[in-house]
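See structure below.
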Amino acid sequence: MKFFVDTADTAEIQDLAATGLLDGVTTNPSLIAKSGRDFMEVTKEICGMVDGPVSAEVVALDHETMLKEADVLRKIADNVCIKVPLTIDGLKTCKALTGEGTMVNVTLCFSANQALLAAKAGATFISPFIGRHDDNGFDGMELIEDIRLIYDNYDFSTEILAASIRHPVHVLESARIGADVATMPPAVIRGLFKHVLTDKGIEGFLADWQKTGQAILK
Ligand code: E4P
């Protein structure tokens, strides 16, 4: 499973990229606003921090303007992945861009039928929003399961990018189902490393090690 971080905070990206476990970044207009940075400038900086895809979202609602915006965004760097909303215009744009070899992440997916359409439009990634799905009384994991089944039935190469992840259990369940990618807020990625018994174990080993009076580095 690939790990993307869902943020436009470059300090966080830098820190997580240093683990060697980060495969890409996703941003959206809300995350750009939260960063307080210029969209083009921060996106360029992020693209230089990771080798993998960096999703940058168009804000136009019509196909023609989406294409124009995508054209500006894809010139930022080779690893820019254009993010389009799951609308008719968004999918028209997706088809045109992937036809030209540009990576596309289709975002705001809330149904398996929408995911089927995105795959037919040649999407590189489909982003089902698990957390927002759960928030509204639906089962986000059922959505991921349905999309996995449908994509496997027809051998679609579109990667399932589990998005709107709120906690480590979302990551675990997405991995069990076989989502290709999980995009997570920095705190969730850090949470994956944690276990109370790991901390307790280290504490015990160090206490016993001190009793030996030895040192590995002389
Ligand atoms: C995905 O690409 C989106 O940016 C993101 O996962 C949305 O998450 P939210 O529901 O926490 O805003």
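Read the numbers this way: they start at 1 and go in the same order the structure lists the ligands and their atoms.
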Worksheet entry | From CA spacing to verdict: side chain to side chain donor-acceptor pair (under 3.5 Å), Arg166, Ser164 | CA-CA 6 Å; Arg166 304 267 198 262; Ser164 187; 3.2 Å; yes
Practice prompt. Could you walk me through whether Lys34 and Asp9 pass the side chain to side chain contact (heavy atoms under 4.5 Å, CB included) test, one step at a time?
Written response: CA-CA 8 Å; Lys34 193 172 166 197; Asp9 181 329; over 6 Å; no
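Each salt bridge (Lys or Arg N to Asp or Glu O under 4.0 Å) pair with one or both residues in residues 98-118, not counting sequence neighbours, appears once here: Arg74-Glu100.
Heavy-atom minimum distance, Ala8 versus Ile46: CA-CD1, 3.9 Å.
Residues forming a salt bridge (charged side-chain N to carboxylate O under 4.0 Å, His left out) with Glu12 (at least two apart in sequence, or on another chain): Arg190. With sequence neighbours excluded, the residues forming a salt bridge (charged side-chain N to carboxylate O under 4.0 Å, His left out) with Lys211 are Asp208, listed by chain and number.
Contact shell of ligand 1 (protein heavy atoms, cutoff 4.0 Å): Asp6, Thr26, Asn28, Lys83, Phe129, Arg132, Ala163, Ser164, Arg166.
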